[in-house]
Amino acid sequence: MPELPEVETIARGLDRRFGGCRIAGCRYASPHLLKAAGRADLRRLRGCRLLGVRRRGKYLIFDLERGTRLVFHLKMTGQFLECASGRERDRHTHLVLSFGRGRELRFRDVRKFGRLRLVRGDERSALPAGLGPEPLALGRRRFLELLGARRGRLKSLLLNQRFLAGIGNIYADEILFEAGLDPLRPASGLDEARALRLWSGMRRILSRAVRRGGSSIRDYADAEGRLGRFQFEHKVYGRAGAPCARCGAAVRRLVVGGRSTHFCPRCQK
DNA sequence: ATTCGGACCTGAAAGC
DNA sequence: TGCTTTCAGGTCCGAA
């Protein structure tokens with residue numbers, strides 16, 4: 001479900017609502033979410049202060065006292081929900097952090113793909129080696145350098161987390177439309193003008209999506225239950241057969257690298 | 001090195 | 001009204 005703009009929105013909301021709060025208890029870690037050893041370690045969290053919450057790629061990082069960190073990946077359907085402790089817990093709730101005075105933060109995940117790791121010290125041990133840089137912190141020169149070393153199709157490259165961390169299926173399609181580039185075009189041999197269009201298109205799409213609080217297509221909502229608004233600005237994603245907003249040609253859908261891909265055959269070359 | 005298909009899960013929507 | 005199939009904001013693994 002969540003890509004960079006959604007995870008960023010969740011992180012900001014959690015940081016604002018729970019940053020500085022003390023964890024009173026932790027319950028219900030399901031085996032899917034966390035291995036047995038990690039579940040035992042969760043006991044250490046009691047009484048620990050949550051210093052802050054931030055994002056790296058599509059990962060959510062909870063920084064705690066005593067050099068401990070919780071690193072979540074939400075995969076397709078993971079979500080956080082702030083609620084009153086008395087409220088009924090449904091069968092998709094896999095972790096509950098209590099903050100006292102009846103305040104709880106629950107992790108729900110219908111498809112159970114989401115993962116949590118509890119680490120001491122640096123979060124890097126919980127992240128994949130070779131995770132790419134943050135797209136919005138990447139200068140144009142560095143972007144051109146990284147791009148020059150890559151092959152394969154543009155769509156697959158944008159989805160590759162070792163190239164850039166945080167772009168997923170929605171934003172890959174929207175970025176390529178913004179840049180006017182065919183998702184099937186090979187990454188190698190992209191001339192500088194097109195490469196710079198890709199860089200600036202990426203920045204425009206991602207930063208606007210963050211400002212809109214991400215895209216709510218199916219079930220994404222932030223920790224305060226608010227829906228994103230960027231879905232109203234999608235130009236191609238989920239619009240197969242509909243007219244292109246720019247030229248009127250029918251938006252096409254095909255499968256690239258096993259992922260559904262949407263593009264305008266006239267605007268994207 | 002890249003690409004492909006399948007696996008991991010559940011449920012909503014579309015198709016018949 | 002069913003029942004079946006397809007599809008989904010992600011990633012990992014093994015085989016071609």
Side-chain angles (χ1 to χ4, degrees), chain A residues 1-11 30-35 55-60 71-80 90-94 107-117 126-132 135 146-177 183-189 202 205-206 208-210 212-223 226-241 253-262:
Chain A
M1 174 205 343
E3 309 180 29
L4 185 155
E6 291 77 31
V7 182
E8 179 67 27
T9 303
I10 293 167
S30 83
H32 281 281
L33 179 63
L34 185 64
K35 291 195 279 263
R55 176 193 64 77
R56 167 80 173 100
K58 297 174 193 170
Y59 292 84
L60 262 181
V71 181
F72 288 89
H73 197 303
L74 276 35
K75 294 286 176 80
M76 296 288 267
T77 51
Q79 56 184 207
F80 283 95
D90 77 2
R91 64 212 204 87
H92 302 301
T93 299
H94 304 301
F107 176 78
R108 289 186 75 243
D109 185 5
V110 169
R111 292 179 72 181
K112 302 189 182 109
F113 290 166
R115 291 293 177 268
L116 166 61
R117 292 187 71 173
L127 302 178
L131 185 64
L146 293 176
L147 186 63
R150 294 292 179 159
R151 5 209 87 234
R153 303 184 274 228
L154 286 179
K155 169 69 186 256
S156 304
L157 181 61
L158 290 179
L159 290 177
N160 182 347
Q161 303 299 297
R162 301 171 72 97
F163 175 57
L164 296 171
I167 297 172
N169 209 35
I170 292 179
Y171 297 103
D173 284 1
E174 293 299 320
I175 287 166
L176 289 169
F177 177 82
L184 293 172
R185 175 187 272 272
S188 63
M202 169 183 85
I205 291 294
L206 293 178
R208 195 180 307 143
V210 169
R212 298 287 184 271
S215 304
S216 292
I217 302 292
R218 197 173 325 271
D219 45 21
Y220 164 73
D222 69 16
R226 284 191 309 238
L227 300 179
R229 285 153 282 129
F230 193 70
Q231 66 276 15
F232 303 121
E233 299 178 33
H234 290 176
K235 302 289 205 302
V236 285
Y237 184 85
R239 298 194 64 246
R253 173 188 180 278
L254 45 84
V255 174
V256 180
R259 308 300 303 278
S260 166
T261 296
H262 315 75

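Labels below follow one simple rule: chain letters A, B, ... track the order of the sequence lines, proteins then strands, and each chain is numbered from 1.
- When rounded to the nearest whole Å, the span between NE2 of A/H94 and C1' of B/dC9 equals 10 Å.
- For the pair A/Y220 OH and B/dG11 P, the computed distance is 22 Å after rounding to whole Å.
- Remark: P of B/dT2 and CG of A/L154 are 13 Å apart, rounded to the nearest angstrom.
- A donor-acceptor pair shorter than 3.5 Å can be found between the side chains of A/T77 and A/D109.
- For the residue pair A/N160/A/K155, the side-chain donor-acceptor check at 3.5 Å is not satisfied.
- Among the atoms of the strands shown, only primed sugar atoms or phosphate atoms (P, OP1, OP2) are found under 4.0 Å from some heavy atom of A/Y237.
- Neither OP1 nor OP2 of B/dC8 sits under 4.0 Å from any side-chain N or O of A/K112.
- Here the P atom of nucleotide B/dC4 and the CG atom of A/L159 are 13 Å apart, to the nearest Å.
- Listed pair A/H92 / B/dT10 fails the phosphate criterion, with no side-chain N or O lying under 4.0 Å from OP1 or OP2.
- Between A/R218 atom CZ and B/dG11 atom C1' the separation is 10 Å, expressed in whole Å.
- Between the CG atom of A/D219 and the C1' atom of C/dA8 there is a distance of 9 Å, given to the nearest Å.
- A straight line from CG of A/N169 to P of C/dC7 spans 13 Å, rounded to a whole angstrom.
- Close to C/dG10, at under 4.0 Å from its OP1 or OP2, lies a side-chain N or O of A/K58.
- Across all strands shown, C/dT5 is found opposite B/dA13 as a Watson-Crick or G-U wobble partner, with both distances under 3.5 Å.
- In this model, the phosphate group of C/dG10 is not approached by any side-chain N or O of A/Q161 to a distance below 4.0 Å at OP1 or OP2.
- In this structure, CG of A/L184 is placed 10 Å from P of B/dC4, rounded to the nearest angstrom.
- The residue A/S260 sits close only to the backbone: its heavy atoms come under 4.0 Å of sugar-phosphate atoms, none of a base.
- Contact check, A/R91 against B/dG11: a side-chain N or O comes under 4.0 Å of OP1 or OP2.
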| query | Step by step, would you call A/L176 with A/L158 a side chain to side chain contact (heavy atoms under 4.5 Å, CB included)? | reply | CA-CA 9 Å; A/L176 289 169; A/L158 290 179; 3.7 Å; yes

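- Phosphate contact (OP1/OP2 of C/dG10, side-chain N/O of A/H73, threshold under 4.0 Å): absent.
- Within the 4.0 angstrom heavy-atom criterion, only backbone atoms of the sugar-phosphate kind lie near A/R253; the bases stay farther away.
- When distances are taken from the side chain of A/R259 to each of C/dT11, C/dG10, C/dA8, the shortest belongs to C/dG10.
- Across all strands, A/R151 comes closer than 4.0 Å only to sugar-phosphate atoms, never to a base (heavy-atom distances).
- Side-chain polar atoms of A/S260 and A/R253 form a donor-acceptor pair below 3.5 angstrom.
- A residue-by-residue look at A/P128 and A/P2 shows that A/P2 has its nearest nucleotide of DNA chain C further toward the 5' end.
- With centroids closer than 5.5 Å and planes inclined by less than 30 degrees as the test, A/F113 and the base of B/dC9 fail to qualify as a stacked pair.
- In this structure, of C/dG10, B/dC4, C/dT11, it is B/dC4 that holds the atom nearest to the side chain of A/R153.
- Rounded to the nearest Å, the gap between the P atom of B/dG6 and that of C/dT6 is 12 Å.
- When each of A/G152 and A/R115 is assigned the nucleotide of DNA chain B bearing its nearest heavy atom, the one mapping closer to the 5' terminus is A/G152.
- Residue-level contact check: A/D109 touches neither bases nor backbone, having no heavy atom under 4.0 Å from any strand.
- Nucleic acid contact for A/G258: none, since no nucleic acid atom lies under 4.0 Å from a heavy atom of the residue.
- Using bins of under 30°, 30° to 60° and over 60° for the plane-to-plane angle, the ring pair A/F107/A/H94 lands in the tilted bin.
- Between A/S215 and A/Y171, the side chains place a donor N or O and an acceptor N or O closer than 3.5 Å (distance only, hydrogens not considered).
- Evaluation of atom-type donor-acceptor distances gives a pair under 3.5 Å for the side chain of A/R111 against the base of C/dA8.
- No close placement of the A/F177 and A/Y237 rings is indicated, their centers lying 6.0 Å or farther apart.
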